[in-house]
Amino acid sequence: MTYCCGMVLDKGLVLMSDTRTNSGVDNISVFRKMFHWSVPGDRMIGVMTSGNLATTQAVISRLEERTKAPEDRVNSFLGMATMFQVAVEMGKLLRETVNATQTQNDQRGGRRFTASIILAGQIAGMEPRLFMIYPEGNFIEASFDTPFFQIGETKYGRPILIRGYDRDMSFEDAVKLLTVSFDSTLKANLSVGLPLDLLVIERDRFEPLHERRIEQDDPYFNAISSLWGDSLREAFHGLPNYSFDEPGENT
């Protein structure tokens, strides 16, 4: 399983993903699910993937044209005029790859595979944009009503995002919020796990403002995890007690 989240802020975009993949409890591996490319002064594009690993790796390989020699590789998305055009072409690429993978799998009598993508980025002279791309190739764009997207194991980390998100929050607070969201997911589902990858894309800065991998022994993540648990327990005990007497007597 996977958990990835992309968030739109007034200041730019923040992305976080886990790295765990598993095919049963005895086959757990670490694979990167976040990728980014930039052209200084012109554009910054980030991608997070969820779903069948062979499918998502094929999408990234085709995107980077890995069949060519390193000096001849050109990411075609880095020449497109708008992020909308990037989303359209990435949707086509995802659909073609999903269909090809599924055809091969059907011939072997296997189960159905699928994949999804979060696309984020900015091209010079335009707004930062965030898209959710579905396996069928269609997509939706983040808005004021839907300012963040999640893919993979989304339900455990969503409540904190809904309660804590503010469009004008700082990048530091956005990272804190995502860290709590991921900690809640890790606590509830063993198929999502550390390390985590973090990418911060600042408006009109066409290279990463901040990127890092959060490992098992990361002091910030462990502090957030511990303090969040303590804060929840304190908040719970501070709520009014329930009474088995008349409802109006609850204090």
Side-chain angles (χ1 to χ4, degrees), residues 2-19 32-50 56 59-60 63-64 74-91 93-94 116-133 139-152 154 157 160-161 164-182 195-214 218 220-221:
T2 295
Y3 181 35
C4 303
C5 184
M7 182 181 295
V8 179
L9 304 176
D10 288 338
K11 297 176 177 63
L13 304 159
V14 184
L15 312 179
M16 187 177 282
S17 71
D18 86 316
T19 57
R32 178 173 290 276
K33 303 170 188 176
M34 180 189 294
F35 309 87
H36 66 82
W37 305 267
S38 63
V39 178
D42 180 66
R43 66 189 61 208
M44 173 79 197
I45 296 175
V47 166
M48 294 185 291
T49 63
S50 171
T56 57
V59 169
I60 298 302
L63 200 159
E64 293 185 332
V74 177
N75 184 324
S76 60
F77 294 137
L78 296 182
M80 293 182 175
T82 67
M83 285 300 299
F84 181 83
Q85 290 182 10
V86 174
V88 170
E89 291 302 315
M90 189 165 289
L93 176 59
L94 179 59
S116 301
I117 288 176
I118 291 178
L119 167 67
Q122 183 185 13
I123 295 175
M126 304 176 194
E127 290 291 305
R129 301 176 76 174
L130 182 71
F131 299 88
M132 167 92 81
I133 304 176
F139 58 86
I140 58 175
E141 183 174 2
S143 64
F144 279 94
D145 293 325
T146 307
F148 59 84
F149 288 137
Q150 302 165 278
I151 52 177
T154 62
I160 180 60
L161 297 179
Y165 172 83
D166 190 334
R167 196 178 184 93
D168 66 357
M169 68 196 313
S170 67
F171 283 131
E172 291 82 358
D173 281 348
V175 172
K176 184 195 304 184
L177 183 63
L178 284 173
T179 302
V180 174
S181 177
F182 272 75
L196 308 177
D197 286 324
L198 168 66
L199 176 65
V200 179
I201 302 173
E202 186 178 22
R203 176 187 291 271
D204 298 329
R205 179 190 178 107
F206 302 104
E207 59 184 358
L209 172 66
H210 180 75
E211 61 177 319
R212 64 177 295 213
R213 173 158 285 193
I214 299 171
D218 185 86
Y220 178 74
F221 182 88

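Here the structure is a predicted model, which means the values were calculated and not measured.
By the side chain to side chain donor-acceptor pair (under 3.5 Å) test, Glu211 pairs with His36, sequence neighbours left out. Applying the side-chain contact (heavy atoms from CB on, under 4.5 Å) criterion to Ile140, with sequence neighbours excluded, gives Met132, Tyr134, Phe149. Legend: residues meeting side chain to side chain donor-acceptor pair (under 3.5 Å) with Thr2, ordered by chain and number and at least two apart, are Lys33. Applying the side-chain contact (heavy atoms from CB on, under 4.5 Å) criterion to Arg212, with sequence neighbours excluded, gives Leu198, His210, Ile214, Asp218. The side chain to side chain donor-acceptor pair (under 3.5 Å) search around Arg203 returns Glu127, not counting sequence neighbours. Every residue meeting the side-chain contact (heavy atoms from CB on, under 4.5 Å) condition with Val88, not counting sequence neighbours, appears here in chain and number order: Phe84, Lys92, Phe139. Looking at residues two or more places apart in sequence or on another chain, you find no side chain to side chain donor-acceptor pair (under 3.5 Å) involving Asp166. In this structure, the ring pair (Phe, Tyr, Trp, His ring centres under 6.0 Å) partners of Phe182, at least two apart in sequence or on a different chain, are Tyr3. In this structure Pro147 satisfies the side-chain contact (heavy atoms from CB on, under 4.5 Å) test together with Tyr165, Arg167, sequence neighbours excluded.
Not a single donor-acceptor pair under 3.5 Å links the side chain of Ser181 to the backbone N or O of Leu177.
The shortest distance between side-chain heavy atoms of Thr19 and Met34 does not fall below 4.5 Å.
Screening residues 76-86 for side chain to side chain donor-acceptor pair (under 3.5 Å) gives no qualifying pairs among residues at least two apart or on separate chains. Residue pairs meeting the side chain to side chain donor-acceptor pair (under 3.5 Å) criterion with at least one member in residues 37-47, sequence neighbours excluded, are Trp37-Glu64.
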